[in-house]
Protein chains: 2
Amino acid sequence: MSDDALWLDDAEMETWLALISLVMKLPSALDEQLRRDAKLSHFEYGVLAVLERAEDHTRRMSDLAYLCNGSLSRLSHVARRLEEAGLIERFACPTDGRATLAKLTDHGLDILAKAAPGHVALVRHLVFDVLDEDETARFGVLAKRILTRIEEG
Amino acid sequence: MSDDALWLDDAEMETWLALISLVMKLPSALDEQLRRDAKLSHFEYGVLAVLERAEDHTRRMSDLAYLCNGSLSRLSHVARRLEEAGLIERFACPTDGRATLAKLTDHGLDILAKAAPGHVALVRHLVFDVLDEDETARFGVLAKRILTRIEEG
DNA sequence: CAGGAAATATTGAACCTTCAACTAAGATTA
DNA sequence: TAATCTTAGTTGAAGGTTCAATATTTCCTG
């Protein structure tokens, strides 16, 4: 970690304040819409969405946690609630006795399909309606660069 | 809200996944360092940092909540804990009987000063070490544009 | 292959945030 | 100015997340 430059200059501070505000406010905005339209948190929506794209609508808990950007413990609690609500089911992995597989149920797929259009519309409204094609690409590149740093830690 | 384009194209999806991962992982990264070095959450650090820059190290609760990107209720709970820990104090506003003012104590300032270098170093490491001057400016502009949308909602 | 180390997942407790209800004070208006 | 509306803040309960401890299985090593 570079310790030389010990404070942020004005331009850096301006960008940092924008980023940190974005980071703190985007989740609430997404949660609000999903909670209202589908009684799901954004994290729960993410779990369903990842499963929907997975082979046989099934994934290992630990893979799922990674793909959903959450801890395994967090996922485990959420999975219990989703299972109780009948949106997913869990069962032992046949090839690795330690692993648990989570699978999207038909009901879960229904709920996801009902929630998705409103969610996508919001994402488009908040992000892609204000970024042109070029800006979208550049923004993604920079976000990924920061993300890589975070994941290295 | 535009309802026309109902799904994200590949480039948009790529950028969206990067952004949402960033949004979900940055807080934990910041929390971890601050928790370890100063026993503060990032939100608590933000409260102290905003007060430090305020006139007389004092601000109204509602202004503070806005500047910290949190709800007034959240701030109220956090302020109680910070007050119990002696990092801030609260007192009635002399000019508006409804308002409460929060003020950074000397002890709070000490704790903040102890936490700041590590925090800034982490921010620099995660963000500004991987963005040049031009990228920093552009990234800030785009983040602010999205932020504006969120705040309009 | 026995024993220890690492990986996978769950659980309960502690902690934090959100939500809704409530108190109190200032602003508005009839 | 009395009645009402709005603004500011706090609080307790409900719900979600983190952290540490635990159980179980697999992998590795001597």
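Just so it is clear: chains get the letters A, B, ... in the order the sequence lines come, proteins before strands, and each one is counted from 1.
- The CG-C1' distance, from B:Asp31 to C:dT17, rounds to 13 Å in whole Å.
- Under the side-chain hydrogen bond (donor to acceptor under 3.5 Å, both in side chains) criterion, A:Glu83 pairs with A:Arg90, sequence neighbours left out.
- The base of D:dC19 lies close enough to the side chain of A:Ser73 for a donor and an acceptor atom to sit less than 3.5 Å apart.
- Rounded to an integer number of Å, the gap from CZ of B:Phe43 to C1' of D:dT18 is 18 Å.
- Sequence order on DNA chain D of the closest nucleotides to A:Ser41 and A:Gly97 puts A:Ser41 first from the 5' end.
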If the sugar-phosphate is the primed atoms plus P, OP1 and OP2 and the base is the rest, what is the B/S/- string for nucleotides 3-9 of chain C, using protein heavy atoms under 4.0 Å? ----BSB

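- Counting to the nearest Å, the P atom of D:dT10 and the CD1 atom of B:Ile88 are 9 Å from each other.
- Counting non-hydrogen atoms of other residues, nucleotides and ligands closer than 6.0 Å to CG of A:Asp106 gives a total of 12 or fewer.
- One can place CD of B:Glu83 at 14 Å from P of D:dG9, the figure rounded to the nearest angstrom.
- For residues 130-153 of chain A, the set of pairs meeting the ring-ring contact (aromatic ring centres under 6.0 Å, His included) definition, not counting sequence neighbours, comprises A:Phe139-B:Phe139.
- Atom CG of B:Leu30 and atom P of C:dC16 are 17 Å apart (whole Å).
- Residue whose closest nucleotide on DNA chain C sits further toward the 5' end, between A:Arg35 and A:Ala79: A:Ala79.
- Here D:dG16 presents its C1' atom at 14 Å from CG of A:Leu75, a figure rounded to the nearest Å.
- The base of D:dG12 lies close enough to the side chain of B:His77 for a donor and an acceptor atom to sit less than 3.5 Å apart.
- Phosphate proximity of D:dT17 to A:Arg81: present, with a side-chain N or O under 4.0 Å from OP1 or OP2.
- Contact annotation for A:Ser71: backbone-only contact, meaning every heavy-atom pair under 4.0 Å involves sugar-phosphate atoms and none involves a base.
- Judged as a ring-ring contact (aromatic ring centres under 6.0 Å, His included), the pairs with a partner in residues 96-119 of chain B (not counting sequence neighbours) are, in order, B:His42-B:His119, B:Tyr45-B:His119.
- Between the CG atom of B:Leu64 and the C1' atom of D:dA8 there is a distance of 14 Å, rounded to whole Å.
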Assess the residue pair B:Leu40 and B:Leu87 against the criterion (side chain to side chain contact (heavy atoms under 4.5 Å, CB included)); give the C-alpha distance rounded to whole Å, side-chain angles, the decisive distance to 0.1 Å, and a yes or no. CA-CA 11 Å; B:Leu40 292 172; B:Leu87 305 193; 4.0 Å; yes

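- Proximity of A:Arg74 to the phosphate of D:dG16: no side-chain N or O atom is located under 4.0 Å from OP1 or OP2.
- With sequence neighbours excluded, the residues that form a side-chain hydrogen bond (donor to acceptor under 3.5 Å, both in side chains) with A:Glu151 are B:Lys25.
- A:Glu84 has its CD atom 10 Å from the P atom of C:dT11, to the nearest Å.
- Qualifying ring pair (Phe, Tyr, Trp, His ring centres under 6.0 Å) partners for B:Phe43, counting only residues two or more places apart in sequence or in other chains: none.
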